[in-house]
Amino acid sequence: MGILEKIAEIEKEISRTQKNKATEYHLGLLKAKLAKYRAQLLEPSKSAGAKGEGFDVMKSGDARVALIGFPSVGKSTFLSLMTSTASEAASYEFTTLTCIPGVIEYKGANIQLLDLPGIIEGAAQGKGRGRQVIAVARTADVVIMMLDATKGDVQRALLEKELESVGIRLNRTKPNIYFKPKKGGGLSYNSTVPLTQCSEKLVQLILHEYKIFNAEVLFREDCTPDDFIDVIVGNRVYMPCLYVYNKVDQISIEEVDRLARRPHSVVISCGMKLNLDYLLERLWEYLALICLYTKKRGERPDFNDAIIMRRGASVEHVCHRIHRTLASQFKYALVWGTSTKYSPQRVGLTHVMEHEDVIQIVKK
């Protein structure tokens with residue numbers, strides 16, 4: 001019995017089993033087995049011959065955004081509209097067969113946009129170059145899921161399932177669980193909050209499935225067995241995702257309104273160039289980037305050349321970005337902008353910068 005058959009068997013068993021107090025251990029065990037088989041499926045087999053061809057795209061710019069979606073939803077048209085790169089677009093499926101990168105220039109930042117081939121159902125098992133597509137998506141900072149507004153919610157559910165099965169968690173944060181395998185001493189289990197979905201017995205069963213008998217486990221939030229399995233496996237990627245509904249010019253205004261009000265969703269039309277500027281604004285929000293400007297003593301700030309940093313960056317990060325030796329020679333910095341109580345404010349290395357602040361660094 002191959003791995004795929006085992007996975008299908010377990011999925012059937014999970015869908016058959018009623019969810020109640022009596023079956024939670026059985027379901028927890030099945031989920032642990034399922035995660036284990038899926039991990040085996042993703043690992044390349046030892047006996048495999050020559051490596052398959054991947055999409056070698058060098059990471060460039062300040063952030064990376066991957067376009068994921070079924071064939072013929074308008075990914076290539078979107079790339080051609082947003083960037084100066086022309087990606088071939090036609091009215092038949094699988095027009096794009098490899099990864100095509102483009103660059104969006106927005107608020108002084110260069111955002112790399114990757115147009116990936118369309119995903120089909122079963123991509124996680126390697127159908128239609130699905131594995132390479134998903135492998136590239138794991139390296140992105142934000143995923144844009146292109147959906148066809150005329151197809152309803154079928155596409156979204158299918159794509160989420162494909163990404164979920166390869167360890168990509170969309171719009172979710174990492175579970176707050178401390179987990180550390182040990183050499184001996186059995187299982188030490190604690191929680192700082194009342195747990196409604198996990199119990200010590202279930203945690204023990206799941207760990208036994210992974211052949212872990214000695215470990216320290218501390219739950220700091222009420223998590224599901226799935227979250228706990230994610231922590232044990234440890235190779236999950238948590239990333240923000242923007243659901244973009246294309247072709248809204250072909251549906252009713254009531255349907256457009258319904259889609260636009262959903263969380264993490266934007267409605268656009270590439271054919272009529274509708275709402276693309278709002279999509280860029282939302283993308284900037286999800287990327288959590290900020291622009292900073294530098295100033296020399298006695299001169300006006302340089303507003304043409306911005307430094308792009310991540311939200312929450314400190315003065316020390318800015319120093320490292322300018323030059324690696326600057327932090328060691330740092331005396332103090334003067335900052336103008338929203339992060340200060342008054343302008344200019346004299347700050348140290350730990351001061352957290354905000355969008356469009358101006359900084360002047362004074363060396364020793």
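The basis for the numbers below is simple: all heavy atoms, side chains too, and nothing from hydrogens, waters or symmetry mates.
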Completion exercise
So side-chain hydrogen bond (donor to acceptor under 3.5 Å, both in side chains) across residues 342-352, not counting sequence neighbours, yields S339-H351
Completion exercise
Contacts satisfying side-chain hydrogen bond (donor to acceptor under 3.5 Å, both in side chains) that involve residues 294-305 (not counting sequence neighbours) are K295-Q360
Student check: side-chain heavy atoms of [X] and [Y] closer than 4.5 Å:
X: D62; Y: I111; result: no
X: E160; Y: M145; result: yes
X: L259; Y: V266; result: no
X: L280; Y: L276; result: no
X: Y286; Y: H264; result: yes
X: C291; Y: I308; result: yes

Handout entry: Lys/Arg N to Asp/Glu carboxylate O, E255 vs R258, below 4.0 Å
Key = yes
Handout entry: Salt-bridge criterion met for R64 and D141 (N-O under 4.0 Å)
Key = no
Practice task
Look at the side chain of N275 and the backbone N and O of V267, then say whether any donor-acceptor pair between them is shorter than 3.5 Å.
Solution key: yes
Problem - Donor-acceptor contact present, side-chain D357 to main-chain T338, <3.5 Å - result: yes
Fill in the blank from the handout: salt bridge (charged side-chain N to carboxylate O under 4.0 Å, His left out) filter on R324, not counting sequence neighbours, yields none
Problem - Within 45° cone and under 6.0 Å: R156 NZ/CZ vs Y243 ring - result: yes
Handout entry: Hydrophobic cluster of V318, others only, ordered by chain and residue number, side-chain cut-off 4.5 Å
Key = I290, L292, I307, M309, V315, I322, L326, F330, V335, V347, L349, M353, I359, I361
Exercise for the section: List, by chain and then residue number, the residues other than V358 in its hydrophobic cluster (Ile/Leu/Val/Met/Phe/Trp/Tyr, side-chain heavy atoms under 4.5 Å); write none if there are no others. Expected result: Y293, F303, Y332, L334, W336, V362
Practice task
May I ask you to check whether over 12 heavy atoms, not counting those of K174, lie within 6.0 Å of atom NZ?
Solution key: no
Handout entry: Pairs touching residues 195-213 that satisfy salt bridge (Lys or Arg N to Asp or Glu O under 4.0 Å), sequence neighbours left out
Key = K36-E209
Problem - Residue pairs fulfilling salt bridge (Lys or Arg N to Asp or Glu O under 4.0 Å) with at least one residue in residues 217-240, sequence neighbours excluded - result: K31-D226, R169-D230, R172-D227, R172-D230, D230-R236
Handout entry: Which residues share a ring pair (Phe, Tyr, Trp, His ring centres under 6.0 Å) with Y238, sequence neighbours left out
Key = none
Fill in the blank from the handout: Residues at least two apart in sequence or cross-chain that pass ring pair (Phe, Tyr, Trp, His ring centres under 6.0 Å) with F78, listed by chain then number, are none
Exercise for the section: Verify ring pair (Phe, Tyr, Trp, His ring centres under 6.0 Å) between Y178 and F219, making sure each step is shown before the conclusion. Expected result: CA-CA 7 Å; Y178 171 75; F219 281 79; over 10 Å; no
Are [X] and [Y] linked, directly or through other ILVMFWY residues, by side chains that come within less than 4.5 angstrom of each other?
X: L163; Y: V154; value: yes
X: L289; Y: V352; value: no
X: I232; Y: L218; value: no
X: L242; Y: L158; value: yes

Handout entry: side-chain hydrogen bond (donor to acceptor under 3.5 Å, both in side chains) partners of H208, counting only residues at least two apart
Key = none
Practice task
Could you pull out all residues at least two apart from S188 that satisfy side-chain hydrogen bond (donor to acceptor under 3.5 Å, both in side chains)?
Solution key: none
Handout entry: For A327, side chain to side chain contact (heavy atoms under 4.5 Å, CB included) partners two or more places apart
Key = C319, H320
Exercise for the section: Of all the heavy-atom pairs spanning L147 and Q155, show the shortest one and how long it is. Expected result: CA-OE1, 3.6 Å
